[in-house]
Structures are given as structure tokens and as C-alpha cells.
Amino acid sequence: MTTTILGYPRIGAHRELKFATEQYWAGRVGEEELQSTAATLRRAVWTELRDAGLGTIPSNTFSFYDQVLDTSVMVDAVPDRYRALPGLERYFAMARGTADIPALEMTKWFDTNYHYIVPELALDARFRLADGAQAKPVAEYLEARALGIETRPVLVGPLTYLLLAKAAPGSPEGFVPLDLLDALVEVYAELLERLAGAGAQWVQLDEPALVRDLGARQVEALERAYRRLGELSSRPKILLATYFGTVAPEALKVLASTAVEAVGLDFVSRPDTLDAVASIGGLPGKTVVAGVVDGRNVWRTDPARARATYAVLLGLAGQVQLSTSCSLLHVPVDLDGETALDPQVRARLAFARQKVAELVALEAELDSDDPRAAPVPGAGVDAEVRARLQALGDVHRTDRTTRFAAQQEKLGLPDLATTTIGSFPQTARIRKARADHKAGRIDGAAYTEAMRAEVGQVIRLQEELGLDVLVHGEPERNDMVQYFAEQLSGYAATDHGWVQSYGTRCVRPPILHGDVSRPDPMTVEWAAYAQSLTAKPVKGMLTGPVTMLAWSFVRDDQPLSQTARQVALALRDEIADLEAAGIGIIQVDEPALRELLPLRRADQEDYLAWAVAAFRLATSGVAVSTQIHTHMCYSEFGEIITAIADLDADVTSVEAARSHMELVADLRDAGYANGIGPGVYDIHSPRVPTVEEMEANLRRALKAVPADRLWVNPDCGLKTRGYAETEAALANMVTAARNVRAAH
């Protein structure tokens with residue numbers, strides 16, 4: 001037996017990749033310096049894993065932006081609009097866009113908060129191994145080998161790549177990217193042969209799409225792809241890795257019949273993976289790479305559970321190798337720097353480095369048959385919170401027609417009302433004030449004064465631009481989840497627990513370790529101050545219960561539904577205080593509603609029921625004249641339109657710019673009856689869209705949504721943008737809304 005992991009964080013222990021990449025984008029360093037930083041980070045990871053005693057080490061897990069984008073570049077699946085650009089400039093243009101070229105679509109990686117760049121494939125796509133012998137997986141394998149470290153190159157599998165791709169605009173009706181499977185597999189065959197020629201003994205092909213519901217065509221495609229790769233006369237041994245769920249028995253049967261030497265299975269996220277393996281008679285002759293250490297949460301591994309899984313697998317597989325359930329990309333790098341955490345909470349945690357150590361220690365325990373690991377301590381309980389939830393009655397609001405009339409009378413907003421999603425640019429001045437306050441260089445009064453100055457500036461700017469509903473800009477918030485977690489009981493925050501969300505965007509997910517409650521108001525002071533500066537309505541801004549769970553590391557000792565109700569109760573108290581302070585519009589963001597949707601249809605109804613119930617619990621205590629908004633972004637929302645309607649928010653704003661208003665058709669077909677704000681421009685790109693582009697988007701939206709229910713907004717918050725582009729884009733947005741309003 002030996003140990004491995006399916007991947008490792010690539011941002012660096014101190015976010016070195018983020019800072020180097022942003023310096024490159026700003027023109028302050030060149031490509032050579034950026035590549036040097038990348039090489040240093042790769043060497044550090046390989047050396048660390050070798051020195052930790054890990055049995056086999058992955059490579060090609062590094063990326064400047066995203067592993068799916070890397071695959072598109074590797075197989076030359078580059079849309080024509082980017083081809084004139086060179087090298088890294090082309091790569092980053094596909095991810096972020098340029099002043100003249102929109103970016104590719106971005107969405108969530110399965111049910112995680114990691115985002116990938118969606119491949120855009122045409123029927124006439126001509127795949128090729130773009131860099132030949134110097135293809136990235138080969139180059140990084142040789143780079144590690146030059147250090148004396150043997151690695152296993154990791155690739156996005158061909159089936160998953162195509163199932164995550166989209167048909168290019170203008171594609172013929174009926175075309176789906178899976179139609180291109182045979183051509184793509186030939187490129188993978190060439191790559192595997194080149195890796196074998198370079199000396200690679202193993203290659204890892206990630207196929208997490210296999211944990212979704214699969215149709216007959218997809219199962220047949222799996223068999224065809226891996227039959228072709230398995231029959232290659234010169235190739236590394238293949239580890240086909242799945243994660244985030246249980247592989248369906250029909251797909252497991254295919255894997256058992258192929259020449260694939262090893263299968264990676266996730267024994268953490270679903271308790272029935274062992275049953276699925278047993279149901280097909282096991283995987284005799286195969287190595288099962290057993291994901292017994294949680295790769296996407298921060299809790300220590302229960303050694304007794306891991307040992308039990310291992311013992312059962314010994315009778316179902318040819319060999320068993322211990323691993324993480326998925327790549328460690330989804331957890332912070334190192335717990336050792338978190339000296340401020342409560343010792344009782346800290347004792348329950350393991351970050352990436354600690355999870356590697358857990359694997360090595362677990363192997364040693366199994367080899368010695370002498371279990372020594374201490375039990376993991378339990379979570380805290382708040383009896384008052386549980387009693388309040390038990391006593392809570394009806395959580396429904398009155399009918400939407402009554403609410404709509406009361407809100408129109410109170411707010412007096414025009415058709416195509418303009419607003420933003422909430423945050424404004426987080427400037428260096430804001431970050432310095434926050435850092436100075438945290439370090440004790442300025443006191444609380446000075447910090448409050450600095451933040452109030454920022455709020456005043458944002459209010460004045462919005463009034464000058466002519467926006468109809470204003471926001472306070474959120475200068476005091478470090479992150480839309482962490483900000484609230486730091487004020488709620490039952491949560492803990494880290495100092496260095498950074499995790500990549502997309503590109504250079506890193507977040508510090510808080511740790512939800514016990515029962516949740518709200519000791520004091522969290523946002524009322526800021527919202528009330530902003531409202532005092534203007535006669536226009538100001539939105540109160542909160543993060544919803546599902547997103548508070550999705551973007552945190554959540555306790556795993558009780559059902560998510562129970563934890564969601566506790567968070568919702570705390571938000572219900574905050575909403576009541578905002579309403580009492582005179583805030584007439586309150587936005588409760590749920591961008592992660594689609595993200596947490598289970599990957600199997602059989603599990604989705606139960607999830608959507610408790611997710612909707614948690615939102616309603618949080619928002620149902622307000623008067624009919626108080627308008628409830630919500631926001632969602634960068635997910636495929638079509639399949640949960642009914643749940644979005646069931647939230648019963650008065651207005652829902654959604655990402656729609658990168659996906660060309662596709663959601664509008666779904667809304668029309670579903671008979672959606674509440675207010676909707678489909679984002680008219682993409683804030684994740686540095687380009688400023690024209691008035692004409694936004695007018696075109698609004699005219700598309702008006703085909704499905706009446707003008708009195710259509711709102712005009714960007715597709716997400718403006719925190720990551722600069723003020724110059726923000727002002728220009730919002731000015732164009734307001735002009736577009738006025739033009740379309742006048743013509744409608």
C-alpha cells in the first residue's frame with residue numbers, strides 16, 4: 001500500500017501566484033518573471049510532498065488560471081476571436097476578456113465554489129496537441145523529474161471536458177460537444193504516448209462527470225474513450241479519478257471492463273460509494289485509489305472510519321491506495337499559521353499540509369495494525385437557538401400582487417429601475433484602513449470615520465450617475481461571507497486560510513464549527529448611515545443562509561438543512577432590525593443556491609426544499625411594503641428556475657451577460673412572475689461595454705419580462721474592479737436603461 005493525493009493548492013502558501021499574476025496584468029513585471037514565480041511554486045509543492053513521505057506525487061496541477069482553460073489551450077480549442085493574440089496574452093484574454101474581446105463564459109466546477117472557464121466548441125473544431133513535445137503536462141513532468149522527483153501528470157479527462165463544454169454560437173441545431181469525442185481522444189492518445197516517451201509511469205485522468213446522472217450515450221462514450229486509450233501500445237498506466245459523489249453502477253461496470261489500471265473513488269462525500277462498488281462485484285484486478293481524507297473540507301479525518309473503509313475495500317479490489325477524496329485545491333494550505341484560532345476548534349482541523357500528513361500517518365497505522373490517532377472532538381450546542389427554531393411558525397409572505405402594489409406606492413420606482421449588486425471597488429485606501437485597524441495603528445473611531453467617508457463618496461457617485469436604488473458600497477466588508485461569520489457565534493475566521501475561487505480571486509472561507517446565533521446587529525449602522533445621506537432608497541445587503549454554508553467550511557456532524565435553519569434565524573433577526581431602522585429594500589444574496597445542488601437528480605428535490613425553506617425563514621418576517629431582493633451569479637440556473645420562484649423574493653438579479661441572456665428564455669418558459677434583474681454587463685472582465693451592447697441585452701430581456709418587473713444592473717458586485725472602469729460602465733448602463741425606457 002502507498003498514499004497519494006489528487007491535487008494540491010497552486011496559489012502558494014502566501015498567495016504568491018495571485019500577486020505575481022496581478023503584477024503581470026498591471027504591466028509591472030514581464031512574462032519571464034511570472035514564469036519564474038510559477039516554477040518556484042511548483043518546485044516547492046513537489047519537494048514538500050516528497051519530504052512529507054507521500055507515496056506518489058501529482059504534477060500538472062499548477063495553472064495560471066484554471067485547469068479546464070489549460071486543457072482548451074492544450075488541445076487548441078481556441079475560438080477564432082482570440083487567435084491573433086500571442087501566448088499568455090491569448091490565455092488570459094480567454095479568461096478575462098480584453099478591451100475589445102469578451103471573455104469565455106465562466107461557471108462553477110460541479111458543486112464547489114471553484115470556477116472554471118467553459119470551453120466553447122464548434123462542430124468543425126480541429127483538435128491538436130498545441131505544443132507537441134512541449135505540451136504543458138509533458139514539460140511539467142520533465143521539470144519535476146529534473147529535480148529527482150517522479151510524478152503522475154494530472155489531466156482533465158476527455159469525457160468530462162466535453163460534458164462541461166458549450167456549443168459555440170451559431171452551431172447547428174442538435175450539435176453537442178460530445179459529438180467531438182473521437183477526435184479529442186486521439187489528441188489524448190498522442191499526449192499519453194508523449195508522456196510515456198518522457199518516462200511517465202502513471203497519468204491521472206480526472207472524470208468527475210461520472211458522478212452525475214449519465215445517459216446511455218454518455219456511458220457508451222466512456223467505454224469508447226477508455227477502450228481507445230487503454231489499447232495504446234505505449235502509454236503510462238491510467239488512474240481514472242472521480243470525486244464529489246458516487247459513480248453510477250453502469251459507469252463502474254464500464255471502468256471494470258476497460259484496461260484502466262486504477263480507479264479513484266470518493267468515500268467521503270457519499271456514504272454509498274462502497275455499496276456501489278460491491279453492487280458490481282467489486283473491482284478485482286484494479287487498484288482502487290480510496291478517497292478517505294476529505295479534500296474539500298477542513299475537518300480532521302476520523303481514522304476509525306478510514307480504517308473500516310480500507311478493510312472492506314481489501315475484499316473488493318486488487319490493491320488499495322489511500323488518497324484524498326478530491327484535489328486539495330479546495331482547502332487552505334497550512335493550519336500551522338492559524339495561531340489565533342480557539343484551541344478546541346483548531347484541534348478538529350486539517351488543511352492541505354495536515355491532510356498529507358494524515359495520509360502518511362494513516363498508512364503507518366494500517367501497516368502496524370496499531371491505531372493511535374486521538375478521537376476528533378465534537379461541536380458546540382446552543383439550546384436557545386434550537387428552542388427558537390422549534391417554536392417558529394409560518395414562514396410564508398403574503399401574495400406577490402399585494403406586495404408589488406405596496407412596494408410601488410412606497411418606493412415610486414420607474415420601469416427598468418437601475419441599481420448595482422452591492423459592492424463598489426475595494427481601493428488601496430480601504431484595504432489600508434482595514435489593515436491599520438486590525439493592527440491597532442488606528443482606533444475604532446478613526447476606522448469608522450474612514451469607512452463613513454467611503455460610504456459618502458459611493459452615495460454621491462451613484463446620485464451623480466443617476467442610479468435609482470443605491471447601495472452603501474460595502475467598504476467595511478472584507479468578504480461577503482467572512483464579514484458576517486466574524487460577527488456570528490458558532491463561526492471562526494482564519495488569518496491565512498486562503499482558497500482559490502477563480503483566477504487570482506482568493507477567499508478565506510470561515511469555519512462553521514457549532515450552533516449559530518447573532519449576538520448583535522451586523523449591518524444596521526452602515527445601512528442607516530448611507531440612507532441618511534440620500535432621499536433615494538438604499539438597499540440593505542446580507543448574505544443568504546445557503547451561501548453562508550456553501551462558502552464556509554461547515555461542520556459535518558449534523559445535516560446541512562439543520563445548520564441552514566440556524567443561519568437563517570440569525571439573518572431573520574438582522575432583517576427585522578434593518579426594517580426597523582427605515583431600510584425599505586433588503587437584498588439577501590444567494591449566489592450559491594445552484595452551486596450546492598446535488599449532482600444526482602434523486603437528491604435534488606430534498607436539497608431545494610430545505611434551501612428554499614431557509615431563505616423564506618430568513619425573509620418572511622417583513623412588512624408587505626418592504627422589498628426583498630436576492631442575487632445569484634455564475635451558475636447554470638435553468639434547472640432550478642422553479643426553486644428561484646419558490647424563494648419568493650420580490651426581485652432576483654442574476655448573471656446573464658456572459659451567457660448572452662440565456663436565462664431569459666428559461667424565465668419565460670417557466671412563467672416567472674416576480675421582478676428580475678438579468679446582469680447587462682460582465683464585471684469579471686476589465687472591458688467597459690458600450691451603451692449599444694447593454695441596450696441590446698435589455699431588449700432581449702424585455703421579450704420575456706415586462707418593463708415594470710425588469711431591473712437593470714451589472715451581473716455581480718464591483719469589488720474587484722477599479723473606479724475608472726466602474727464609473728464608465730455604470731454611466732453607460734444608466735444611459736442604456738433610459739434609452740430603452742424611453743423607446744419602450
Side-chain angles (χ1 to χ4, degrees), residues 6 108-112 155-165 176-179 181 184-185 204-230 238-292 294-296 309 312-313 315-318 320 323-327 594-608 636 639-640:
L6 299 187
K108 299 291 178 70
W109 176 249
F110 294 87
D111 57 350
T112 75
L155 310 169
V156 176
L159 189 69
T160 291
Y161 177 78
L162 292 176
L163 292 177
L164 295 181
V176 294
L178 192 59
D179 296 341
L181 178 68
L184 180 62
V185 167
Q204 175 180 321
L205 296 175
D206 282 1
E207 294 285 11
L210 299 186
V211 306
R212 288 178 165 174
D213 295 304
L214 299 177
R217 184 186 179 193
Q218 294 162 337
V219 173
E220 187 277 330
L222 171 68
E223 191 279 331
R224 193 166 81 247
Y226 283 92
R227 182 179 66 243
R228 170 68 181 115
L229 296 177
I238 296 174
L239 160 59
L240 187 154
T242 71
Y243 38 84
F244 302 148
T246 300
V247 180
E250 57 269 26
L252 275 175
K253 289 178 182 177
V254 168
L255 296 180
S257 68
T258 66
V260 166
E261 287 82 5
V263 178
L265 299 173
D266 181 348
F267 293 95
V268 174
S269 64
R270 292 278 307 209
D272 56 354
T273 300
L274 271 175
D275 295 336
V277 176
S279 73
I280 66 162
L283 292 166
K286 306 286 188 193
T287 295
V288 170
V289 178
V292 296
D294 195 342
R296 57 183 292 186
T309 300
V312 174
L313 281 174
L316 296 172
V320 180
S323 179
T324 52
S325 62
C326 62
S327 171
R594 170 62 181 80
E595 175 184 316
L596 279 192
L597 185 73
L599 300 175
R600 291 288 180 82
R601 283 186 292 273
D603 303 320
Q604 292 174 1
E605 183 177 353
D606 179 66
Y607 159 72
L608 291 172
E636 301 291 339
E639 60 192 299
I640 62 165

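Computed from a predicted structure; not experimentally measured. We number each residue from 1, following the sequence as shown.
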J.: Could you report the tightest heavy-atom contact between Thr242 and Leu265, atom names first, then the distance?
T.: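 Scanning both residues, the minimum pair turns out to be OG1-CD2, 3.6 Å.
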J.: Taking atom OG of Ser257 and atom CD of Glu223, what is their separation to the nearest 0.5 Å?
T.: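 Taking OG in Ser257 and CD in Glu223, the distance rounds to 6.0 Å.
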J.: Any ion pair linking Arg212 and Asp111 (charged N to carboxylate O, less than 4.0 Å)?
T.: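 Here Asp111 does not pair with Arg212 in a salt bridge, since their nearest N and O are not under 4.0 Å apart.
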J.: Which heavy atom of Val268 sits nearest to which heavy atom of Gly291, and what is that distance?
T.: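 Val268 and Gly291 have their closest heavy atoms at CG2-O, 3.5 Å.
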J.: Could you report the tightest heavy-atom contact between Thr246 and Ala276, atom names first, then the distance?
T.: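 Looking at all heavy atoms of both residues, the shortest contact is CG2-CB, 3.5 Å.
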J.: Side chain to side chain contact (heavy atoms under 4.5 Å, CB included) between Leu608 and Ile640: does it pass, once the steps are laid out?
T.: CA-CA 8 Å; Leu608 291 172; Ile640 62 165; 4.1 Å; yes
J.: Does the side chain to side chain contact (heavy atoms under 4.5 Å, CB included) test come out yes or no for Tyr607 and Leu596, once each step is laid out?
T.: CA-CA 8 Å; Tyr607 159 72; Leu596 279 192; 3.3 Å; yes
J.: For the atom pair CG (Leu162) and CG (Leu178), what is the distance rounded to the nearest 0.5 Å?
T.: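 Output value for this atom pair is 6.0 Å.
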J.: Check salt bridge (Lys or Arg N to Asp or Glu O under 4.0 Å) between Arg601 and all other residues, then give those that pass, not counting sequence neighbours.
T.: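 Partners of Arg601 under the salt bridge (Lys or Arg N to Asp or Glu O under 4.0 Å) test: Asp213.
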J.: Rounded at 0.5 Å granularity, tell me how far SG in Cys326 sits from CG in Asp266.
T.: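 Rounded to the nearest 0.5 Å, the SG-CG separation comes to 6.5 Å.
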J.: By the salt bridge (charged side-chain N to carboxylate O under 4.0 Å, His left out) test, which pairs, at least two apart or in different chains, include something from residues 250-264?
T.: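 Output for this query lists Arg235-Glu261.
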J.: Between atom OG1 of Thr258 and atom CZ of Arg224, what is the distance when rounded to the nearest 0.5 Å?
T.: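 Interatomic distance, Thr258 OG1 to Arg224 CZ, rounded to 0.5 Å: 14.5 Å.
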J.: Phe244 vs Phe110 aromatic rings, parallel, tilted or perpendicular, using cut-offs 30° and 60°?
T.: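 Geometry flag for Phe110 against Phe244: tilted rings.
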J.: For Leu255 and Leu210: C-alpha separation, side-chain torsions, deciding distance, then whether side chain to side chain contact (heavy atoms under 4.5 Å, CB included) applies.
T.: CA-CA 11 Å; Leu255 296 180; Leu210 299 186; 4.2 Å; yes
J.: I need the Gln204 CD to Ile238 CD1 distance, nearest 0.5 Å.
T.: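 The distance works out to 12.0 Å.
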J.: How close do Ala262 and Val289 get, counting heavy atoms only, and between which atoms?
T.: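 What the structure gives for the nearest pair is CB-CG2, 4.3 Å.
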J.: Assess whether side chain to side chain contact (heavy atoms under 4.5 Å, CB included) is satisfied between Phe267 and Val312, documenting all intermediate values.
T.: CA-CA 12 Å; Phe267 293 95; Val312 174; over 6 Å; no
J.: Side chains of Leu229 and Leu205: closer than 4.5 Å at any heavy-atom pair?
T.: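 Yes, side chains in contact.
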J.: Please check this pair: side chain of Thr112 against backbone of Trp109, looking for a donor-acceptor N/O pair closer than 3.5 Å.
T.: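 At least one qualifying donor-acceptor pair exists.
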J.: Quick check: closest heavy atoms across Ala221 and Leu159, and the distance to 0.1 Å?
T.: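 Heavy atoms only, the tightest pair is CB-CD1, 3.8 Å.
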J.: Looking only at heavy atoms, which two atoms of Leu163 and Ala209 are closest? And how far apart?
T.: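 Smallest interatomic distance, heavy atoms only, reads CD1-CB, 3.8 Å.
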J.: First locate atom OG of Ser323, then atom OH of Tyr243, and finally report the distance between them rounded to the nearest 0.5 Å.
T.: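 OH of Tyr243 is found 11.0 Å from OG of Ser323.
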J.: Salt bridge (Lys or Arg N to Asp or Glu O under 4.0 Å) with Arg270: which residues, sequence neighbours excluded?
T.: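 Arg270: salt bridge (Lys or Arg N to Asp or Glu O under 4.0 Å) contacts with Asp272, Asp603.
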J.: Kindly say whether Gly295 contributes a backbone atom to a donor-acceptor pair with the side chain of Ser325 at under 3.5 angstrom?
T.: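 Side chain of Ser325 to backbone of Gly295, a donor-acceptor pair under 3.5 Å: yes, one is there.
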J.: Please examine the side chains of Asp179 and Val176, heavy atoms only from C-beta on, and report whether any two atoms are closer than 4.5 Å.
T.: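 Yes, side chains in contact.
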